[in-house]
Amino acid sequence: MFVSIAVVMLVAWLIGRAMRLSRPVLGSLILVAGVGSSSTLGYSIIRNVFNNNHEVMNQVVTMGEFGVVLPLFTFGIMIAIYFGRKEDDEVSFGASFVRFFRSPIFLATVLGIVFSHMGFDQNAWLMKFLYSLLKVIASSLDVLVAFAVGLMLRPIDFKKLVPLIAVVVGLKLVLEPTLALTIADALSLPKINRELLVIEAAMPSGTIAAVLAVRYGCDGAVASTLVVATYLLSLIALPLVLTFVM
């Protein structure tokens, strides 16, 4: 999964450079082309396809967390910081790497790890209240992200938008699942792992990619529009992928 995403992002960068895209637009293109809707859509589809099989769900969550979420919240943020910097800021990718360690996401990760090792009594009323509150916040994230994407939508020249949509759809909905299938066959993975991998790779672009794009200075309007476009066109692409791999 990680290799498929990395290759797609690299191809997106090469195509964006060839198209002479501005830095913020190129950053948005790379993020949206590589990152899929694992938790937003992927888990729900797989839960229904495999009748909520717990073993399958454990596998796909592990795949999604380590293959999609972890790279997104590390390398993805570094990419967003690098391409979202100001035009007169000549910061290198290495400096963007350093900036990542001052980002709220990295700090939250560190605090979460520290908190998990502090040995608090999870049966105490305060801890139960805290976990209940966090669970409510976690359950509302998809809705909040959807609102954020909707608020970022702006009118964009259709002639400029069509080539970008074509690139993202070709990379995210066609190339990425094809790469995943090729790698799965090369590694002779079991049928169930092969199916899960391809379905995960065939998901439309993740809404969180648009949120990260605008948060770190990339073109949020382009990113949100491309995310919506992949969701719409996935209505055609996903059934074809499911028919092909199932």
Side-chain angles (χ1 to χ4, degrees), residues 5-37 40 68-108 141 144-173 175-176 203-234:
I5 291 173
V7 171
V8 166
M9 284 185 162
L10 176 60
V11 174
W13 175 74
L14 293 172
I15 294 175
R17 290 291 300 271
M19 296 172 66
R20 299 183 181 278
L21 299 177
S22 65
R23 196 159 57 195
V25 174
L26 179 55
S28 294
L29 178 70
I30 294 171
L31 287 172
V32 173
V35 179
S37 300
T40 309
V68 181
V69 176
L70 185 60
L72 169 63
F73 288 116
T74 51
F75 298 110
I77 291 177
M78 295 174 201
I79 290 171
I81 292 174
Y82 178 74
F83 286 100
R85 69 195 192 282
K86 296 179 180 180
E87 291 294 336
D88 57 350
D89 189 350
E90 297 300 327
V91 174
S92 65
F93 190 79
S96 300
F97 179 80
V98 173
R99 286 185 181 181
F100 163 73
F101 292 102
R102 299 199 302 266
S103 68
I105 291 177
F106 176 76
L107 295 176
L141 282 180
L144 295 175
V145 169
F147 271 114
V149 171
L151 292 171
M152 286 188 287
L153 291 172
R154 296 288 186 276
I156 302 175
D157 187 352
F158 188 70
K159 292 181 180 179
K160 295 181 180 179
L161 198 57
V162 169
L164 295 178
I165 292 176
V167 170
V168 168
V169 168
L171 294 177
K172 185 69 198 73
L173 301 182
L175 179 60
E176 192 168 316
M203 289 297 104
S205 300
T207 51
I208 194 66
V211 174
L212 290 179
V214 71
R215 167 64 179 81
Y216 291 101
C218 295
D219 196 315
V222 168
S224 57
T225 303
L226 294 178
V227 167
V228 173
T230 60
Y231 263 85
L232 292 175
L233 293 172
S234 69

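Annotation: the span from L171 atom CG to I30 atom CD1 amounts to 10.5 Å, rounded to 0.5 Å. Taken to the nearest 0.5 Å, the OG atom of S22 stands 11.0 Å off from the CZ atom of F83.
Taking both residues in full, the closest heavy atoms of E176 and G34 are given as OE1-O, 3.3 Å, listed atom of the first, atom of the second, then distance.
Partners of F106 under the ring pair (Phe, Tyr, Trp, His ring centres under 6.0 Å) rule, at least two apart in sequence or in another chain, are F100, F101.
Using modelled atom types, one side-chain atom of K172 and one backbone atom of M203 make a donor-acceptor pair closer than 3.5 Å. Judged by distance alone, with hydrogens and angles left aside, the side-chain atoms of T230 form a donor-acceptor pair with the main-chain N or O of S205 at under 3.5 Å. At distances below 3.5 Å, at least one donor-acceptor pair connects side-chain atoms of S37 with backbone N or O atoms of P204. Although no hydrogens or angles enter the test, the distance criterion places a donor-acceptor pair under 3.5 Å between the side chain of S28 and the main chain of D219.
Residues V35 and L212 are not in side-chain contact: their nearest non-hydrogen atoms beyond the backbone lie 4.5 Å or more apart. Residues R215 and S103 form no side-chain contact, since every pair of their non-hydrogen atoms from C-beta on lies 4.5 Å or further apart.
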Output, in order, the C-alpha distance, side-chain angles, deciding distance and verdict of side chain to side chain contact (heavy atoms under 4.5 Å, CB included) for V168 and L29.
CA-CA 7 Å; V168 168; L29 178 70; 3.3 Å; yes

Decide side chain to side chain contact (heavy atoms under 4.5 Å, CB included) for L26 and R17; before the verdict, give the C-alpha distance in whole Å, the side-chain angles of both, and the deciding distance to 0.1 Å.
CA-CA 8 Å; L26 179 55; R17 290 291 300 271; 4.0 Å; yes

Under the criterion side chain to side chain contact (heavy atoms under 4.5 Å, CB included), I'd like the reasoning laid out for L164 against M19: C-alpha separation, chi angles, the key distance, then a yes or no.
CA-CA 10 Å; L164 295 178; M19 296 172 66; 4.0 Å; yes

For a quick test of your reading: what N or O donor-acceptor pairs under 3.5 Å do the side chains of residues 68-80 make, sequence neighbours left out?
from, atom 1, to, atom 2, distance (Å)
T74, OG1, L70, O, 2.7
T74, OG1, P71, O, 3.2

